[in-house]
Student: 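Shown below is the structure under consideration.
All chains are named by letter (A, B, ...) in the order of the sequence lines, taking the proteins before the strands, and each is independently numbered beginning at 1.
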There are 2 protein chains.
Amino acid sequence: MEKKNPDLCKVENTLHILIGKWKPLIIMHLMFGGTKRFSDLQRALAGITTKTLTTQLRELEEQEVIQRVVYPVVPPRVEYSITEYGMTLQPVLHLMHEWGNAHLERQLSKEQASFHNQ
Amino acid sequence: MEKKNPDLCKVENTLHILIGKWKPLIIMHLMFGGTKRFSDLQRALAGITTKTLTTQLRELEEQEVIQRVVYPVVPPRVEYSITEYGMTLQPVLHLMHEWGNAHLERQLSKEQASFHNQ
DNA sequence: ATATAAAGTATCTTTAAAGATACTTATAGG
DNA sequence: CCTATAAGTATCTTTAAAGATACTTTATAT
């Protein structure tokens with residue numbers, strides 16, 4: 001695949017970071033809302049379980065999109081924030097937002113249609 | 001979610017179209033390679049099964065990103081092509097490609113690391 | 001001594017996406 | 001009459017992502 005579709009691969013590098021039910025939401029929260037604690041995020045992402053949030057955060061940290069800082073206190077205090085590298089995703093997210101917004105009507109009419117088909 | 005995170009939603013509209021193991025590849029093939037038959041695509045996407053290819057194509061068609069034209073001949077001839085709407089994704093894919101390319105080294109070093117950990 | 005707090009782990013179950021494999025359809029060519 | 005062909009369907013199985021629920025840790029305040 002790498003050899004055959006080098007261009008695709010680069011798109012998928014980007015996609016890879018954004019794929020995950022909660023990842024764009026987490027990134028945008030930290031990107032625009034600043035540093036947050038684990039419990040802040042869990043509150044903001046209503047419905048996410050601790051296990052899922054942990055997994056998503058660990059993956060984003062592994063990808064160096066976010067940063068995790070542990071304060072050695074009891075009860076623990078852990079802060080998450082976007083990295084400089086993570087911030088470079090901003091134009092990408094912005095364009096995706098623009099596109100999604102511009103084509104919102106088409107998408108809504110589809111959802112409406114599938115709703116009626118149920 | 002729509003009410004709480006309207007901006008995220010628009011990003012996810014876009015993401016929704018691109019998510020799927022083969023979708024970006026299909027879109028890029030049709031976007032840059034022009035009209036293709038089912039069997040052309042299956043050959044191009046080495047490894048995809050007929051069932052999976054059918055599913056992906058039907059979803060993209062449903063989303064109006066691609067167009068399906070059936071010629072009533074035997075054996076059947078079916079041609080797929082990108083729509084005008086689908087073409088509007090080009091800047092988005094381009095930016096994702098740019099970002100993926102710019103941050104390739106970081107990603108490669110990670111893969112290398114995880115390879116050594118096995 | 002007990003309860004509380006924050007940030008998780010550890011297991012198990014559910015759901016969705018993708019893959020494997022076999023079958024179908026209709027006609028033209030041998 | 002049999003075969004080949006393109007574009008699929010139809011089922012069943014595998015895999016990966018996400019969810020549910022219970023448990024853990026450890027210093028402090030009661």
Student: Return the CG to NE2 distance between A/Asn101 and A/His94, rounded to the nearest 0.5 Å.
Tutor: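 Result: 9.5 Å between the selected atoms.
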Student: Give the rounded distance in Å between these two atoms: CZ of A/Arg43 and C1' of C/dA7.
Tutor: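 Checked: the CZ to C1' distance equals 13 Å.
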Student: Do the side-chain N or O atoms of A/Thr50 get closer than 4.0 angstrom to the phosphate oxygens (OP1, OP2) of C/dA7?
Tutor: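 Indeed not, no polar side-chain atom of A/Thr50 lies that close.
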Student: Among the candidates D/dT11, C/dT9, D/dA20, find the nucleotide nearest to the side-chain atoms of B/Lys51.
Tutor: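 The listed nucleotide nearest to B/Lys51's side chain is D/dT11.
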Student: Using heavy atoms and a sub-4.0 Å distance, could you list which residues of residues 67-77 of chain B are near DNA chain C? By number, please.
Tutor: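 By residue number: B/Val74.
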Student: Within the structure shown, what part of the strands sits under 4.0 Å from A/Glu79 by heavy-atom distance: base, sugar-phosphate, or nothing?
Tutor: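 The answer is nothing, as A/Glu79 stays clear of every strand by at least 4.0 Å.
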Student: Could you check B/Asp40 against A/Ile48 and say which one's nearest nucleotide on DNA chain D is further toward the 5' end?
Tutor: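 Result: B/Asp40.
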Student: Whole Å only: how far is the NZ atom of B/Lys23 from the C1' atom of C/dA16?
Tutor: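 After rounding, the reported distance stands at 13 Å.
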Student: So which nucleotide from D/dA18, D/dA7, D/dT9 ends up closest to the side chain of A/Gln56?
Tutor: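 Closest nucleotide to the A/Gln56 side chain: D/dA18.
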Student: Please report, rounded to the nearest Å, how far the P atom of D/dA17 is from the CD1 atom of A/Ile19.
Tutor: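 Spelled out: CD1 on A/Ile19 to P on D/dA17 is 10 Å.
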Student: Membership question, hydrophobic clusters at under 4.5 Å side-chain separation (ILVMFWY): are B/Tyr85 and B/Leu18 in the same one?
Tutor: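 B/Leu18 clusters together with B/Tyr85.
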Student: Only one of B/Leu60, B/Thr35, B/Thr83 forms a side chain to side chain contact (heavy atoms under 4.5 Å, CB included) with B/Gln67, so which one is it?
Tutor: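 Single side chain to side chain contact (heavy atoms under 4.5 Å, CB included) partner of B/Gln67 among B/Leu60, B/Thr35, B/Thr83: B/Thr83.
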Student: Nearest-nucleotide wise, let me know which of B/Gly47 and A/Val78 is further upstream toward the 5' end of DNA chain C.
Tutor: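 First, find each residue's nearest nucleotide; the 5'-ward one identifies A/Val78.
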Student: Rounded to whole Å, please give me the gap between OH in A/Tyr80 and P in C/dA6.
Tutor: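 Distance, rounded to whole Å: 15 Å.
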Student: Can you get from B/Ile82 to B/Val70 by hopping between Ile, Leu, Val, Met, Phe, Trp and Tyr side chains that sit under 4.5 Å apart?
Tutor: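 Yes; B/Val70 is reachable from B/Ile82 via cluster members.
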Student: Any donor-acceptor pair under 3.5 Å linking the side chain of A/Trp99 with the backbone of B/Thr88?
Tutor: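 Side chain of A/Trp99 to backbone of B/Thr88, a donor-acceptor pair under 3.5 Å: yes, one is there.
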Student: Would you check if B/His16 and B/Gln63 make a side-chain contact, meaning some heavy-atom pair closer than 4.5 Å?
Tutor: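 Yes. Closest side-chain heavy atoms under 4.5 Å.
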Student: Specify the separation, in whole Å, of atom CG of B/Leu57 and atom C1' of D/dA6.
Tutor: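 Going from CG in B/Leu57 over to C1' in D/dA6 covers 14 Å.
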Student: What's the NZ-P distance between B/Lys21 and C/dA18, to the nearest Å?
Tutor: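 For the pair B/Lys21 NZ and C/dA18 P, the rounded distance is 8 Å.
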Student: My understanding is that only one of B/Arg37, B/Lys36, B/Glu61, B/Arg68 makes a side chain to side chain donor-acceptor pair (under 3.5 Å) with B/Tyr80; could you say which?
Tutor: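 Among B/Arg37, B/Lys36, B/Glu61, B/Arg68, the one meeting side chain to side chain donor-acceptor pair (under 3.5 Å) with B/Tyr80 is B/Arg68.
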Student: With respect to the phosphate group of C/dG8, does any side-chain polar atom (N or O) of A/Thr54 fall under 4.0 Å of OP1 or OP2?
Tutor: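 Answer no for this pair, as no side-chain N or O of A/Thr54 is under 4.0 Å from OP1 or OP2.
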Student: For A/Ser39, which contact category applies under a 4.0 Å heavy-atom criterion: base, sugar-phosphate, or nothing?
Tutor: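 Since only primed, P, OP1 and OP2 atoms lie under 4.0 Å of A/Ser39, the category is sugar-phosphate.
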Student: In whole angstroms, how far is the P atom of C/dA17 from the CG atom of B/Leu15?
Tutor: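 Answer to the nearest Å: 14 Å.
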Student: Would you kindly give the CZ-to-C1' distance between B/Arg37 and D/dA6, to the nearest whole Å?
Tutor: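 Whole-Å distance recorded here is 7 Å.
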